[in-house]
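Read the structure below first, then the notes.
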Amino acid sequence: MIETIMVPLDSKMQRVPVLTSKHLKVYGLLIKGTDINELVADRKTRHIINELCRLGWVKPRAERKYSSQRYI
């Protein structure tokens, strides 16, 4: 589950997703060129990658297939 914090937005409090150190570590591995298939093989990192996809930090698998960029 993605952690959230409450922040004021337009005079209301709203929940905003927060990237944890685990998210940043996996994202850093992707930037450095680690193959995403290696990361997805581990259950915990697969869960983190799915969360990064939902937040828009990593492209979904269908978009990565035809992209000229690596994975991000």
Side-chain angles (χ1 to χ4, degrees):
M1 177 186 264
I2 298 173
E3 294 182 32
T4 59
I5 59 171
M6 295 292 286
V7 296
L9 183 67
D10 296 331
S11 71
K12 291 184 179 179
M13 296 298 281
Q14 186 171 354
R15 291 203 172 274
V16 176
V18 176
L19 293 179
T20 63
S21 60
K22 294 177 185 178
H23 290 95
L24 296 175
K25 180 180 177 183
V26 171
Y27 186 71
L29 290 171
L30 287 172
I31 289 176
K32 291 179 183 175
T34 304
D35 187 25
I36 197 165
N37 293 320
E38 292 177 22
L39 297 174
V40 173
D42 181 33
R43 185 177 178 184
K44 290 180 182 180
T45 55
R46 181 182 331 132
H47 180 72
I48 292 171
I49 289 174
N50 287 337
E51 290 177 348
L52 289 171
C53 284
R54 280 184 278 180
L55 293 173
W57 284 70
V58 176
K59 293 181 182 178
R61 200 171 267 195
E63 291 181 28
R64 287 192 305 257
K65 195 180 291 186
Y66 302 107
S67 176
S68 62
Q69 292 183 339
R70 183 94 173 132
Y71 294 111
I72 50 175

Run the side chain to side chain contact (heavy atoms under 4.5 Å, CB included) check on L19 and I2 step by step: do they pass? CA-CA 8 Å; L19 293 179; I2 298 173; over 6 Å; no
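- Of all non-hydrogen atoms in W57 and Y27, the two that sit nearest each other are O-CE1, 3.5 Å.
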T45 and V40: side chain to side chain contact (heavy atoms under 4.5 Å, CB included), yes or no, with the steps? CA-CA 6 Å; T45 55; V40 173; over 6 Å; no
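- One distance of note links NE2 of H47 with CG of L52; it measures 10.0 Å at 0.5 Å rounding.
- The two residues K59 and C53 make their nearest non-hydrogen contact at O-SG, 3.8 Å.
- The side-chain heavy atoms of E51 and H23, taken from C-beta on, include a pair separated by under 4.5 Å.
- The closest side-chain heavy-atom distance from V18 to T4 is not below 4.5 Å.
- The distance from the CG atom of L39 to the CD1 atom of I49 is 4.5 Å, given to the nearest 0.5 Å.
- Here the closest heavy-atom approach between residue T34 and residue L30 is recorded as O-CD2, 4.0 Å.
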R46 and N50: side chain to side chain contact (heavy atoms under 4.5 Å, CB included), yes or no, with the steps? CA-CA 6 Å; R46 181 182 331 132; N50 287 337; 4.1 Å; yes
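- At least one side-chain heavy atom of I5 sits under 4.5 Å from a side-chain heavy atom of V7.
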Assess whether side chain to side chain contact (heavy atoms under 4.5 Å, CB included) is satisfied between T20 and E3, documenting all intermediate values. CA-CA 8 Å; T20 63; E3 294 182 32; 3.4 Å; yes
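- To the nearest 0.5 Å, atoms CD1 (I48) and CG (L24) are separated by 10.0 Å.
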